[in-house]
Amino acid sequence: MNVAEVIVDVSSKNIDRPFDYKIPDHLKGMIEVGMRVIVPFGPRKLQGFVTGLKDSSELNGKSVKEVEQLLDLTPVLTEELMQLSSWLSDKTLSFKITALQAMLPAALKAKYEKELKVIDEEALTPEIKRLFRDQKSLLYSDIADQNILSSLQKFVRRGSIDVTYKVAQKTNKKMIRMIEADEDKEELSRQADALSKQASKQLAVLHYFIAGGAKIAAADLCKKTNASSATLKTLLEKGLLKESFEEVYRDPYQDRMFKKTEPLPLTDEQRAAFEPIKQAVADNVHHVFLLHGVTGSGKTEIYLQSIEKVLAKGKEAIVLVPEISLTPQMVNRFKGRFGSQVAVMHSGLSTGEKYDEWRKIQRREVRLVVGARSAIFAPFENLGMIIIDEEHESSYKQEEMPRYHAKDVAIKRAEHHSCPVVLGSATPTLESFARAKKGVYELLPLKHRVNRQVMPEVSLVDMREELRNGNRSMFSTELMEQLEEKLAKKEQAVLFLNKRGYSSFVMCRDCGYVPQCPHCDISMTYHRYGQRLKCHYCGHEEPVPGTCPECGSEHIRFFGTGTQRVEEELTKVLPQARVIRMDVDTTSRKGAHEKLLSAFGEGKADILLGTQMIAKGLDFPNVTLVGVLSADTTLHIPDFRAAEKTFQLLTQVSGRAGRHEKPGSVIIQTYTPSHYSIQLTKTHDYESFFQQEMAHRRAQSYPPYYYVALVTVSHEEAAKAAITAEKITNFLKSGCGPGTKILGPAASPIARIKDRYRYQCVIKYRQETELQVQLKKILDHYKRDIAQKHVMISIDMNPYMLM
DNA sequence: AGCACGCCGACT
DNA sequence: GTCGGCGTGCTC
């Protein structure tokens, strides 16, 4: 094999294909598909992935450059994952390089640097000489002054300064310094005797080795002997000790003890659900199960026992968990049962930690991964099962390129490995449940909670009624009464706030002015910390104005009912209650989330107040009341899944109450009590909700009856975006069959983000392949405009947010 | 994407 | 006359 086909690290339509590179003699036989290389590309150097090997290039050798460097000794992507990447880029209409990179930890992504080197010092101006000072070379990115840049360019052109392009790794393996004796014990004793009396630290270190101490980490040795690194340095220089460096894993869970747990006996219902999964594992068949179990029905125990079967067969398993529920509670359950065989992957880990967890998988040191969305790409080669917990969660959909859904990837991988997929939820997506009803998936119902606890009593409170009765506060009379009662009984309550529409904003009471982000068409969110306004889309920040910029009034103040606001009100009406608030402000620090939850678990507060993030996996025996302050907010978002999301959220939240001996109750405050998505939470009736919602979806041609795709066109000028969107819509209308429905173009619900105007077109279709072809044509046709006129076209083949 | 090349207007 | 604006085209 003399030539490697390489996908280079450039995200552009024209470059989205393999490029040929000759393999130099010293790399012959070493390069394999799935390895990373550094290759010259035009004037620069880029990282790339080897996607193929061949004897010769069709380009006949003349313009074929050589591979410059091989970055891996073993492929970072298995053959299966290489195939999966082409499928992924195809399915999501994203670049091959983007799909490849999505499968690897960020640490393996390249970092690019330009280095300037002085060739002819005489030719340079004093100013530039000063810039270089005594150094021969300088990093391009370190040059802050824009004026110097242009004069530098001149010298580069004349050849007085040379530019070299470098590729670097983002993070490296963590190494620690190890110390061991470099002489035998007798020699060490002799040297120890010869030490001066003051050198007590050195003596202590030597005694460690004289006593037979083994090779030890420098830090540990210092701690043991109370010595400093200077002491070690002296002994190293004397040649008595020697140092070496060893690779270690950054283990985010190293300080924690996991109590070993044993399998629990299954209920009859659990066993009935477990049997078919067990059988599929035993028979190595690909099969998708939908484990539909009410909250508290013991789904996790079924996962654990299924995994046990998989591991017993010598195979591996992936468990996906929604990002926000990757709490220590969840991790504990898996680590407790399977100990060090588990790797954990979630966004809370640093780049380095994620890299280390990934390498544990790659080196076959673990056989089970518990992780968020991207863990679906774990490089296992002998997969025996994939579990997706809370399968309805929207965090399984990636909202950047490649816009994949982890469920689709899971099924694709499971097909390849001929192994089962288990989707678990109390409120499955309509898509999944419909497939289960059709027999595409196998439905495994769990209708009862373990230990026969009853489902909590749910009562709906009509907030319009409250208002009519003169209660203008955000707490209904019923909720207040219940809160007081729980407080008196020393039981705990959880108050839940739908996040969307609940972020607080600032408004002028005289003219109604609401500060908008200058770069996005969206209201700014008020943050009490530092009295600032923030934009959640682009990160723009500014102080709260003292007077209204529109009318000059001083009556400008914050509005809305953010968690902070609720907390204030709550302490006013229930001053004796101890409240823990969980929102972006209180949980942004690392580990804060965990700390707040365990404080609540230990009974250090009476009320836990928060947004969606507290709805998942919360399981505290003393919680007997759950209150939802306003159930309507998710109902009014511009999304065809609004009702589904509302029902899921309310059901999920209700499930937090009365999970143990004490019975629980739920109070849902709403302005639209008659809506079926709210009514049916009262009876925990998923089946009826499914029927009603399906009727709506059918009437409006939405999933699961139709597929949906979203095309968004953006440009700095509104007109340019609108015209292109119009053209695309017309093209699609003429090119797609009669079964396809095309809506738009229309301004996006968020009409502008980061100074770009956005227009969108929604496509509803029944035949996947046909549309894929049409959309590919569009991207191909507009690649010129994309490159030159700065038009951006983004396509989402399965949007979860129509924004 | 980025970078070089090349063709036009505004300055020393 | 040169400098530097950014339209155009290429990258194995």
Side-chain angles (χ1 to χ4, degrees), chain A residues 1-24 27 31 33 35-70 89 93-102 109-116 123 125 127-128 139-141 143 145-168 400-402 714-717 720 754 756 779-794:
Chain A
M1 294 296 164
N2 304 309
V3 174
E5 294 182 307
V6 177
I7 299 279
V8 295
D9 188 5
V10 174
S11 326
S12 156
K13 194 92 224 309
N14 313 340
I15 312 299
D16 191 31
R17 60 190 168 85
F19 283 76
D20 289 352
Y21 287 89
K22 277 191 279 203
I23 300 174
L27 293 179
I31 297 191
V33 170
M35 289 180 174
R36 294 167 307 143
V37 287
I38 292 174
V39 292
F41 197 71
R44 45 195 181 135
K45 307 257 189 293
L46 295 176
Q47 193 184 90
F49 290 85
V50 178
T51 56
L53 295 167
K54 53 193 180 184
D55 281 321
S56 64
S57 171
E58 298 78 63
L59 290 147
N60 295 323
K62 52 174 186 278
S63 56
V64 181
K65 294 184 185 173
E66 279 193 348
V67 172
E68 180 158 307
Q69 204 184 321
L70 180 60
S89 62
L93 302 177
S94 52
F95 302 126
K96 294 176 179 39
I97 187 68
T98 321
L100 287 164
Q101 279 167 348
K109 240 185 116 175
K111 216 170 64 185
Y112 298 99
E113 276 170 353
K114 280 196 285 183
E115 197 182 48
L116 304 172
T125 63
E127 193 187 21
I128 291 184
L139 285 184
Y140 190 85
S141 54
I143 302 162
D145 195 337
Q146 285 297 309
N147 302 325
I148 288 181
L149 233 85
S150 61
S151 69
L152 266 173
Q153 236 152 34
K154 244 180 291 175
F155 291 112
V156 171
R157 227 170 269 172
R158 284 186 206 149
S160 312
I161 294 176
D162 191 41
V163 186
T164 47
Y165 297 84
K166 290 184 141 186
V167 183
E400 294 132 46
M401 286 296 204
S714 73
H715 195 276
E716 285 173 22
E717 294 166 51
K720 287 232 172 88
K754 291 184 191 168
R756 300 182 68 89
L779 287 178
D780 222 46
H781 184 256
Y782 283 94
K783 67 182 176 191
R784 250 228 180 84
D785 286 18
I786 292 169
Q788 287 162 15
K789 295 182 192 156
H790 307 115
V791 181
M792 269 176 21
I793 301 174
S794 97

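Here is how names work: the chains are called A, B, and so on, in the same order as the sequence lines, proteins then strands, and each is numbered from 1.
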> Are Tyr21(A) and Val3(A) close enough, and set up right, to give a side chain to side chain contact (heavy atoms under 4.5 Å, CB included), and what steps lead you there?
Replying inline: CA-CA 6 Å; Tyr21(A) 287 89; Val3(A) 174; 5.9 Å; no
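- In this model, the phosphate group of dT11(C) is not approached by any side-chain N or O of Lys65(A) to a distance below 4.0 Å at OP1 or OP2.
- Straight-line distance from the NZ atom of Lys783(A) to the C1' atom of dG9(C): 13 Å, rounded to whole Å.
- Note: NZ (Lys13(A)) to P (dG9(C)) measures 18 Å, nearest angstrom.
- Residue contacts shown for Ser11(A) are limited to sugar-phosphate atoms, with no base heavy atom under 4.0 Å away.
- With hydrogens and angles ignored, a donor-acceptor pair closer than 3.5 Å exists between the side chain of Arg44(A) and the base of dA1(B).
- A donor-acceptor pair under 3.5 Å is formed between the side chain of Asp16(A) and the backbone N or O of Lys96(A).
- Within 4.0 Å of Tyr21(A), counting heavy atoms only, lie sugar-phosphate atoms of the nucleic acid but no base atom.
- Computed from coordinates, the Phe155(A) CZ to dC3(C) P distance equals 11 Å when rounded to whole Å.
- Using a cutoff of 4.0 Å between basic side-chain nitrogens and carboxylate oxygens, Lys54(A) and Asp20(A) are scored as salt-bridged.
- Counting to the nearest Å, the P atom of dT11(C) and the CD atom of Gln47(A) are 22 Å from each other.
- Side-chain contact between Arg36(A) and Val167(A): absent, with no pair of heavy atoms (C-beta onward) separated by less than 4.5 Å.
- For the pair Ile15(A) CD1 and dC12(C) P, the interatomic distance rounds to 9 Å; values are reported in whole Å.
- Atom-to-atom, CZ of Phe19(A) to P of dC12(C) comes out at 7 Å; the value is rounded to the nearest Å.
- Here the side chain of Arg17(A) is nearest to one of dC12(C), dC3(B), dA1(B), namely dC12(C).
- Residues Tyr112(A) and Gln47(A) approach most closely at OH-N, 3.0 Å, considering heavy atoms.
- Nucleic acid contact class of Pro40(A) (heavy atoms, under 4.0 Å, all strands): sugar-phosphate only.
- Across the protein-nucleic acid pair, Tyr165(A) atom OH and dC3(B) atom C1' stand 6 Å apart, rounded to whole Å.
- When distances run from any side-chain atom of Lys114(A) to the nucleotides dC3(B), dA1(B), dT11(C), the shortest one goes to dC3(B).
- Asn14(A) places its CG atom 10 Å from the C1' atom of dA1(B), with the value rounded to the nearest Å.
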